[in-house]
Amino acid sequence: DAGVIQSPRHEVTEMGQEVTLRCKPISGHNSLFWYRQTMMRGLELLIYFNNNVPIDDSGMPEDRFSAKMPNASFSTLKIQPSEPRDSAVYFCASSPANPLAGGYNEQFFGPGTRLTVL
Amino acid sequence: RKEVEQDPGPFNVPEGATVAFNCTYSNSASQSFFWYRQDCRKEPKLLMSVYSSGNEDGRFTAQLNRASQYISLLIRDSKLSDSATYLCVVTPGGAGSYQLTFGKGTKLSVIP
């Protein structure tokens, strides 16, 4: 079975450019998460969607970051304009149930997008 | 104080050795605890959950001490394939159980 799919796997761009990261969650999973991982800060949750609706975006660092989930099988994370400090690995993860209903469900991570902003 | 703290290592151990990692957490309201494993340049994957009574999965044993707010992971008979970074994860549980707070990880290298 296909896991979480992310594209691109690597992205190198120049400061000021727009960057769009893409994610396809595991079919049937209704929770989707975007994370960012850096050496300094570790792995941080940016935003969480449930049934395509953003539930918690408190981790989004600033207005330059935006995320959408137009349907159950696709999500994007956009950075506009990008800055060198945005360089990180961005992971998308999905989970099969609604944690708001209580209880934990394993989050399955995609392979990540390694972003470098020059 | 950081929410989840781990010794970054690296822990360099010979094959067959027993190695233990600890992790401390600051939020006493945390309800659920996990260890994730992350191989170099790969995504994190769930290794095991941590229960109050302690739990074992083959060569891996996880323990939780709520009073002292730490969790541990013990690996017996280390294999080369155990080389990875081990991430300690806590959540508030309940409706907030999606909020995984990750430690920065402890790096383990098992040496032939």
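Each chain gets a letter, A, B and so on, in the order its sequence line appears, and its residues count up from 1.
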Short question: side chain of [X], backbone of [Y] - any donor-acceptor pair under 3.5 Å?
| X | Y | result |
| --- | --- | --- |
| B/Ser83 | B/Val110 | yes |
| A/Asn51 | A/Val53 | no |
| B/Asp57 | B/Phe60 | no |
| A/Gln107 | A/Ser95 | no |

Please look at B/Gln38 and chain A and tell me whether the side chain, the backbone, both or neither of the residue comes under 4.5 angstrom of a heavy atom of that chain.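 For B/Gln38, the side chain is the part near chain A, not the backbone.
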
Kindly indicate, with the supporting measurements, whether the criterion side-chain contact (heavy atoms from CB on, under 4.5 Å) is fulfilled by A/Leu77 and A/Cys23. CA-CA 8 Å; A/Leu77 178 68; A/Cys23 175; over 6 Å; no

Please look at [X] and chain B and tell me whether the side chain, the backbone, both or neither of the residue comes under 4.5 angstrom of a heavy atom of that chain.
| X | value |
| --- | --- |
| A/Glu44 | neither |
| A/Tyr35 | side chain |
| A/Leu45 | side chain |
| A/Arg41 | backbone |

What residue in B/Gly103, B/Pro44, B/Gly105 has the most heavy-atom pairs under 4.5 Å with chain A?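 When all of B/Gly103, B/Pro44, B/Gly105 are compared, B/Pro44 has the most.
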
